[in-house]
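Okay, structure first, notes after.
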Amino acid sequence: MIKRGLLSAAALVLAVSPLTTFADTGSKLLATGGASTIEGAGGGGIVPWATLASYADTGEWGATVNISEVSVDDFRLSVQGASFSWSNRVELSYAQQTFDLSTIGGELEQKVVGAKVRLFGNLVYGDWPQLSVGAQYKKNQKFALPSAVGALDDSDTDWYVSAAKAWLDGPFHRTWVANLTVRRTRANQIGLLGFGGDNEQNAKWVAEASVVAFFNRYWAVGVEFREKPDNLSFAKENAWKDVFVAYFPSKAVSVVGAYTDLGSIAGLDDQNGWYLSLQAAF
């Protein structure tokens with residue numbers, strides 16, 4: 001089920017591997033650019049962080065391209081995305097999502113256009129965490145199925161605030177990173193099943209969090225949690241969780257693999273499986 005995703009991932013690694021010979025793709029420390037989320041923003045896998053994508057620091061610009069595959073028991077999500085960041089202040093992102101529902105028939109698609117602005121603070125330096133605000137405009141491109149199950153709209157905007165902090169000599173003398181995000185949203189299954197529903201029409205605030213521990217400069221392990229609204233009566237929507245391993249061989253490439261627990265999706269319970277994401281930074 002994940003064969004296509006693995007082949008795509010391998011192709012990206014081969015395509016960007018020459019970039020690893022460049023010593024500098026930005027001034028920030030290795031891994032502080034994070035990875036790419038399934039909605040295109042910089043962060044973990046399912047949670048956007050206060051950090052900005054790429055390694056661009058003050059006066060620098062940076063860009064990333066990424067592909068991700070999520071394969072659970074009955075569904076598959078494929079994502080292609082890109083981002084641009086400037087001066088460790090502004091991030092613009094884009095993601096194209098394809099949700100394969102072949103087990104129940106059909107396919108859903110969504111575009112996500114995002115923007116994030118760092119307000120103050122720094123991930124590594126100083127006493128204050130880095131604080132950023134962001135928005136993600138989502139447009140569902142195949143709305144017949146979401147409409148049939150009770151979704152009200154085919155597009156909407158998520159708004160979020162994120163705070164992140166790194167401790168270079170944290171517990172067990174390891175580097176740790178923690179991020180907390182609060183999001184105002186009315187998206188059903190992150191928007192793939194439309195927005196709003198017969199249970200709840202209005203947006204609500206939900207919580208998202210990530211904690212990461214580094215074994216060394218290149219390897220890290222972490223956990224993520226993402227609360228979700230429950231707007232549709234036809235099927236309960238659960239929080240998403242994952243446990244991931246991240247590899248940062250250089251500033252040019254990052255690889256993230258995870259075990260995911262997505263709960264119930266479209267009435268099918270216990271949707272567990274694997275997540276793989278590859279990012280190239282410039």
Side-chain angles (χ1 to χ4, degrees), residues 36-48 66-70 72 74-83 91-101 104 106-116 133-162 181-208 224-242 260 262-268 271 275 277:
S36 295
T37 69
I38 56 175
E39 291 159 310
I46 60 176
V47 176
N66 63 84
I67 58 173
S68 302
E69 291 276 338
V70 184
V72 293
D74 296 294
F75 305 102
R76 184 176 69 242
L77 175 66
S78 302
V79 183
Q80 299 82 42
S83 71
E91 171 192 297
L92 302 176
S93 61
Y94 172 82
Q96 173 71 49
Q97 301 170 331
T98 303
F99 192 44
D100 182 356
L101 302 98
I104 61 175
E107 181 180 86
L108 300 175
E109 294 182 358
Q110 180 172 243
K111 291 182 179 180
V112 183
V113 178
K116 186 193 304 182
V133 296
Q136 294 175 337
Y137 172 75
K138 301 178 179 182
K139 173 67 174 179
N140 194 296
Q141 298 174 278
K142 295 185 177 181
F143 190 58
L145 176 58
S147 178
V149 299
L152 301 180
D153 298 297
D154 66 354
S155 63
D156 206 357
T157 301
D158 287 1
W159 300 89
Y160 65 90
V161 180
S162 295
T181 295
V182 289
R183 179 193 301 256
R184 184 167 174 80
T185 181
R186 58 199 291 265
N188 308 318
Q189 300 295 355
I190 69 171
L192 294 164
L193 287 178
F195 303 87
D198 52 342
N199 270 351
E200 180 60 62
Q201 301 180 19
N202 299 319
K204 63 179 294 187
W205 287 99
V206 294
E208 306 172 11
E224 293 185 294
F225 170 85
R226 178 167 177 168
E227 187 182 13
K228 317 233 309 306
D230 190 17
N231 300 325
L232 301 173
S233 62
F234 99 101
K236 183 174 179 58
E237 186 166 352
N238 301 123
W240 285 3
K241 301 174 284 291
D242 69 42
T260 63
L262 306 186
S264 177
I265 298 179
L268 299 177
Q271 296 300 309
Y275 166 86
S277 179

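We count residues from 1, following the sequence as given.
In this structure, a donor-acceptor pair under 3.5 Å is absent between the side chains of S83 and S93. A donor atom on one side chain and an acceptor atom on the other are not found under 3.5 Å apart for N199 and S233. Between the side chains of Q97 and Q110, at least one donor N or O lies within less than 3.5 Å of an accepting N or O.
Between the side chain of E208 and the backbone N or O of V47 there is no donor-acceptor pair closer than 3.5 Å. Side-chain N or O atoms of E91 include one that pairs as donor or acceptor with a backbone N or O of G42 at under 3.5 Å.
Heavy atoms from other residues, nucleotides or ligands lying under 6.0 Å from CD of Q141 number more than 12. Within 6.0 Å of CH2 on W159 lie no more than 12 heavy atoms contributed by other residues, nucleotides or ligands.
In terms of heavy-atom proximity, A235 sits nearest to D230 at O-OD1, 3.8 Å. Minimum heavy-atom separation, N188 to F195: ND2-N, 3.5 Å. Nearest heavy atom pair, residue F143 against residue A151, reads CZ-O, 3.8 Å.
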List the steps and the verdict of side chain to side chain contact (heavy atoms under 4.5 Å, CB included) for I190 and R226. CA-CA 10 Å; I190 69 171; R226 178 167 177 168; 3.5 Å; yes
Would you check, one step at a time, whether the test salt bridge (charged side-chain N to carboxylate O under 4.0 Å, His left out) holds for E107 with K142? CA-CA 8 Å; E107 181 180 86; K142 295 185 177 181; 3.5 Å; yes
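The shortest side-chain heavy-atom distance between E227 and R183 does not fall under the 4.5 Å cut-off.
A side chain to side chain contact (heavy atoms under 4.5 Å, CB included) with K138 holds for exactly one of D158, D156, D154; it is D158. When each of L145, V79, L77 is paired with F99, the side chain to side chain contact (heavy atoms under 4.5 Å, CB included) condition holds for L77 and for no other.
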